[in-house]
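Please read the structure below before turning to the comments.
Within every chain, numbering begins at 1; the chains are lettered A, B, ... in the order of the sequence lines, protein sequences first and strands thereafter.
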Amino acid sequence: MSNNGTPMLDDLEKGPWPSFVTDMKQAAAKKPAVNDLMRQLEASYTEKVGHWKHGGIVGVKGYGGGVIGRYSDSPDRFPGVEHFHTIRVNQPAGWFYNTKSLRALCDVWDKHGSGLTNFHGATGDIILLGTTTDQLQPTFDDLAELGFDLGGSGSAMRTPSCCVGPARCEWACFDSLNVVDTVTRTFQDQLHRPMFPYKFKIKVSGCPNDCVAAIARSDMAIIGTWKGNIAIDQTEVTQCAANGMNIQTEVVDMCPTHCMAWDGSTLKIEDRECNRCMHCINLMPKALRPGNERGASILVGGKAPIVHGAMLGWVVVPFIKLEPPYDNLIELVNKIFEWWDENGKMRERLGELINRQGMGKFLKAVGLKPVPQMIKRPRANPYYFWREGV
Amino acid sequence: MATRTDFGPPDYRQMLPPIITKNYGQWKYHERLQPGLLMHVAESGDALYTIRVGSERLLSTDKVREMCDLAEKYCDGYLRFTSRHNVEFLCSDKARVDPLIAELKAKGWPVGGTGHSITNIVHTQGWIHCHTPATDASAVVKSVMDELYQYFGTMDLPGYCRISLACCLNMCGAVHCSDIAILGMHRMVPKINHDIVRTKCELPNVIAACPTGAIRPDPANKSLTVNPDRCMYCGNCYTMCPGMTVADPIGDGISIWVGGKVSNSRSGPAFSRLVVPFLPNNPPRWPETVEVVKMLVETWAKHARKHERMGEWIERIGWERFFEITGLPFTEQMIDDFTMAPETFRTTAAFKW
Ligand code: HEM
Ligand code: HEM
Ligand code: HEM
Ligand code: HEM
Ligand code: SF4
Ligand code: SF4
Ligand code: SF4
Ligand code: SF4
């Protein structure tokens with residue numbers, strides 16, 4: 001039952017999947033502003049249009065981002081959400097929590113905000129959803145006390161995020177959590193003070209399964225990979241077959257490089273021809289393991305369609321060893337920032353700049369040698385330059 | 001006291017349960033014991049049990065505390081979240097697994113989302129909290145997941161099927177690489193409020209923001225005009241200038257895209273492709289959208305070979321066959337006319353009837 005006059009929201013409490021409306025009602029019991037949030041949402045459902053105004057610039061001392069201004073376009077109807085800003089809070093790498101920290105975070109948000117959160121926003125951040133302008137600084141002060149810093153927004157670096165990696169995955173080819181933690185700490189300034197042409201995202205997956213979708217949604221995707229042979233435990237392979245897996249049709253026939261063979265008792269892989277797609281390893285985690293020389297591939301340029309179309313990341317470093325203190329990685333990121341910052345137009349993502357100026361210029365600027373692993377196939381048009389001498 | 005700045009996120013090492021700290025990087029293999037339950041076994045022989053639970057993403061602090069209660073009761077006070085808004089309880093003691101699952105089920109929290117299931121839908125803010133949406137996020141997700149609920153708690157589908165939702169073309173979530181993407185779309189040329197444009201907007205920036213060059217100066221008005229033949233309703237101009245409204249109750253709705261993926265498994269990462277250009281916003285339950293998504297899941301499930309994802313299935317049978325089997329009408333919007341259009345045209349005389 002609603003005493004709010006929100007029949008459509010009430011309907012969304014029915015059904016088996018957890019309902020966000022129940023959470024809103026829980027929050028509304030403590031925070032009257034959330035009643036107005038619910039009434040405004042009900043109005044959106046009735047009128048089929050949003051009721052948030054364009055964001056204004058709000059923030060906390062010393063930071064250029066991390067807070068997203070949010071104002072109702074009908075404050076007379078919904079005074080509780082006249083201002084209702086978002087705070088992006090940088091998550092711990094891998095999204096692990098001890099309950100002591102989580103509870104402390106909840107206490108801060110109950111004290112200063114709506115009591116509504118997202119675990120997590122698509123940026124990777126913890127999202128604290130809705131507070132007033134005067135509560136922003138006090139919220140941050142209390143968060144800082146707990147050791148929670150802000151994430152990025154605006155034309156700045158975004159909070160990097162990573163897969164669960166070596167914390168709980170046998171396939172991680174490097175320490176994705178440690179890389180994200182290190183990169184985040186190294187680039188605090190770039191994260192908190194917008195000064196780039198546009199946003200910059202780094203996402204880190206421990207293997208080619210790419211559990212954080214790095215290739216699709218980061219300007220710099222770091223994806224684990226290996227060299228050398230896939231380790232095979234033939235006894236476990238036989239066990240998989242005994243358990244009902246059809247090794248021929250499910251594994252061998254689906255190998256994209258046709259580099260596997262199975263004679264009913266022994267599985268063979270011609271490792272030189274394997275492109276490390278992970279299919280066979282995914283199907284037989286007990287029997288197969290990535291090779292021993294482990295590192296990562298780096299792909300750049302992944303982005304959304306704005307402005308000239310969506311792009312997936314392009315391989316620019318086929319293999320890099322990633323071990324603390326990751327000087328090689330940090331140096332590369334710095335060179336990329338420098339080139340992009342110098343050449344990028346306003347709201348031009350790295351991928352678009354590379355597309356405009358040419359991959360060749362990018363590679364030269366950041367000091368990378370062209371290799372065949374960077375391309376699907378060579379060019380088919382004859383319009384190329386001879387830049388230096390012949 | 002001046003607040004310190006730039007101290008960075010909490011150290012993840014303080015957040016790891018002891019069994020993970022001990023076996024970090026030393027995991028040997030894992031098994032899916034049942035839907036929603038993973039067992040990771042370390043070289044040391046230790047076993048970690050992960051119980052995966054779907055969440056609504058929009059969580060009250062009370063709900064987070066309820067999660068904490070369970071984590072304290074069964075998991076020594078540790079939990080984690082996944083990139084798809086699920087929560088995972090991390091149990092080092094096998095004896096506590098069944099009681100935890102029983103308590104979760106008693107609470108009505110969905111246990112599942114592992115392996116060949118429909119796991120949680122990655123989504124964005126929608127009308128709850130963003131200023132550019134063409135549709136809502138949370139209500140559409142709730143309605144779709146209510147209907148696909150049985151697939152969350154089972155693992156009987158042919159392969160992985162990732163569903164995502166973004167409420168506008170900004171696509172805060174990576175919907176463009178999902179097996180099924182639900183994407184909010186505007187369909188109307190921006191309505192210009194000259195007073196706001198004149199007083200609040202940087203005209204050159206607004207002109208430059210338009211990907212199709214549809215915006216021109218309107219010197220007589222000291223404002224802007226939009227060429228309706230070139231505008232494809234992306235809303236970039238509204239982002240730059242509040243005087244250019246694209247949102248509209250009739251114009252706005254949902255489009256459906258299929259066949260994308262991000263993993264490298266078998267076939268490479270791929271974009272999702274447009275298969276339904278427009279469905280109306282129909283709150284609170286979006287029945288048209290729910291019906292199409294369910295049909296797509298079930299049609300794929302019926303026809304795909306084992307381990308074949310949506311896009312791999314479609315590439316095998318061909319898009320012409322996909323439209324025949326699903327009965328979805330092929331429309332002019334599906335033929336690309338943006339920057340990279342020719343890549344999508346057929347360049348062979350070989351095709352199917
Ligand atoms: C051009 C314009 C864009 C504008 C005006 C814009 C605006 C916004 C706003 C206002 C929010 C916060 C919603 C809220 O919590 O109140 C948001 C969230 C977000 N945006 Fe954008 N955005 C733009 C483009 C993008 C692009 C291109 C991406 C990614 C490629 C992106 C990724 C995100 C993400 C990941 C979030 C967090 C979403 C969530 O988890 O709910 N945005 N955006
Ligand atoms: C002309 C049409 C489109 C426009 C104007 C547009 C606009 C945008 C904008 C403004 C963003 C935020 C981008 C950023 O700041 O990097 C974005 C992100 C995104 N868009 Fe679009 N979009 C369009 C079409 C599409 C289509 C057709 C797809 C997919 C099939 C798509 C998928 C995405 C994805 C996945 C993102 C997030 C990517 C990331 O994280 O960088 N967009 N789009
Ligand atoms: C400024 C530079 C160019 C000059 C002076 C030039 C000159 C010529 C000449 C004299 C012919 C032979 C015409 C005939 O016998 O009927 C020709 C044919 C042709 N040119 Fe060019 N051309 C130039 C640039 C280009 C470019 C840039 C392209 C393509 C993109 C091009 C494509 C062609 C083609 C396709 C033919 C017809 C070839 C055939 O008969 O199969 N030309 N050009
Ligand atoms: C310096 C650069 C270029 C010059 C001097 C040039 C010159 C020419 C010339 C003279 C023709 C023949 C025109 C005619 O038949 O009347 C032609 C045709 C053509 N050019 Fe270019 N071109 C250049 C660059 C390009 C580029 C970069 C592209 C494509 C990306 C391109 C695509 C074409 C095509 C497709 C045709 C054939 C048109 C047709 O047959 O209908 N050209 N070009
Ligand atoms: S990306 Fe690879 S290493 Fe990371 S969690 Fe996924 S499967 Fe494991
Ligand atoms: S990883 Fe992929 S390419 Fe390599 S052997 Fe296995 S299935 Fe074949
Ligand atoms: S997808 Fe668009 S409308 Fe939805 S939260 Fe992101 S920017 Fe806002
Ligand atoms: S909505 Fe997009 S295409 Fe239309 S005028 Fe605005 S920026 Fe240009």
Side-chain angles (χ1 to χ4, degrees), chain A residues 8 11-12 15-18 20 23 26-27 44-45 48-50 52 54 62 90 92-99 102-103 106 109-110 115 117-119 122 141 144 147 149 166-168 170 177 185 188 208-210 212-213 215-217 254 256 277-279 285-286 304 307-310 312, chain B residues 3-10 12 15-16 20 24-25 27-30 40 56-65 68 71-72 77-81 83 127-129 131 133 138-139 142 145-146 149 171-174 176-177 211 242 247 249 262-266 269 281 283-284 339-340:
Chain A
M8 295 216 222
D11 187 73
L12 287 162
W17 190 252
F20 65 100
D23 290 79
Q26 276 173 340
S44 284
Y45 290 165
K48 302 188 187 183
V49 67
W52 296 105
H54 231 262
N90 197 154
W95 297 300
F96 284 93
Y97 295 91
N98 62 51
T99 52
L102 264 187
R103 287 184 190 281
C106 289
W109 194 231
D110 276 350
T117 68
N118 291 151
F119 280 90
D141 292 345
D149 205 340
R168 202 200 50 203
E170 66 268 32
L177 285 76
R185 287 176 206 289
Q188 285 289 300
N209 282 330
D210 193 2
V212 287
I215 196 169
R217 48 184 195 154
M254 295 187 90
C277 81
M278 287 298 291
H279 172 69
K286 272 176 143 170
V307 175
H308 293 293
L312 293 166
Chain B
T3 313
R4 61 193 181 128
T5 60
D6 301 291
F7 46 91
Y12 64 95
M15 305 293 177
L16 302 175
I20 287 187
Y24 196 89
W27 298 102
K28 196 168 165 201
Y29 67 89
H30 74 277
H40 285 82
E56 57 277 43
R57 187 181 101 134
L58 181 74
L59 299 176
S60 68
T61 47
D62 287 344
K63 178 86 184 242
V64 176
R65 289 189 186 97
C68 291
E72 282 159 11
Y78 295 93
L79 51 75
R80 84 175 277 270
F81 293 87
S83 61
W127 287 333
I128 286 180
H129 214 245
H131 67 297
S138 302
K142 160 80 175 142
M145 286 310 286
D146 275 345
Y149 190 75
M171 287 190 215
C172 296
H176 60 324
C177 293
V262 290
S263 88
N264 288 275
S265 193
R266 300 171 306 283
N281 279 329
T339 47
M340 309 190 201

Looking at [atom1] of [X] and [atom2] of [Y], how far apart are the two atoms once the value is rounded to the nearest 0.5 Å?
X	Y	atom1	atom2	result
B:D62	A:Q26	CG	CD	5.0 Å
B:T5	A:D149	OG1	CG	7.5 Å
A:R103	B:C68	CZ	SG	4.5 Å

Could you tell me whether the side chain of [Y] reaches within less than 4.5 Å of the side chain of [X], counting heavy atoms only?
X	Y	answer
A:P16	B:M145	no
A:L177	B:Y24	yes
B:V64	A:T117	yes
B:F81	A:F96	no

- [ ] Assess whether side-chain contact (heavy atoms from CB on, under 4.5 Å) is satisfied between B:L59 and A:N118, documenting all intermediate values.
- [x] CA-CA 6 Å; B:L59 299 176; A:N118 291 151; over 6 Å; no
Task: Contact winner vs chain B - A:N90, A:V49, A:L12, heavy-atom pairs under 4.5 Å - done: A:L12
- [ ] Could you have a look at A:P256, A:G50, A:G147 and say which one has the most heavy-atom pairs with chain B under 4.5 angstrom?
- [x] A:G147
Short side-chain to backbone donor-acceptor contact, [X] and [Y], under 3.5 Å:
X	Y	result
A:D210	B:S263	no
B:H40	A:R168	yes
B:R266	A:C277	no
B:E72	A:T99	no
B:K142	A:F20	no
A:W52	B:I128	yes
B:H176	A:A216	yes
B:K63	A:D23	no
B:N264	A:P208	yes
B:W27	A:A167	yes

Closest heavy-atom contact between [X] and [Y]?
X	Y	answer
B:C177	A:L312	SG-CD2, 3.6 Å
A:Q188	B:P9	NE2-CD, 4.3 Å
B:R4	A:A144	NH2-O, 2.8 Å
A:A213	B:V262	CB-CG1, 3.8 Å

Task: Evaluation steps, salt bridge (Lys or Arg N to Asp or Glu O under 4.0 Å), between B:R65 and A:D110 - done: CA-CA 12 Å; B:R65 289 189 186 97; A:D110 276 350; 2.7 Å; yes
Task: Steps toward side-chain contact (heavy atoms from CB on, under 4.5 Å) verdict (B:S83, A:W95) - done: CA-CA 8 Å; B:S83 61; A:W95 297 300; 3.7 Å; yes
Under 4.5 Å heavy-atom distance to chain A, tell me which part of [X] shows up: side chain, backbone, both or neither.
X	result
B:P269	both
B:M340	side chain
B:Y78	both

TODO: Determine the option with the most heavy-atom pairs under 4.5 angstrom with chain A, choosing from B:G25, B:S60, B:P283, B:P133.
DONE: B:S60
Open item on the list: Apply side-chain contact (heavy atoms from CB on, under 4.5 Å) to residues B:L79 and A:L102 and explain how you reach the verdict.
Closed with: CA-CA 10 Å; B:L79 51 75; A:L102 264 187; 3.6 Å; yes
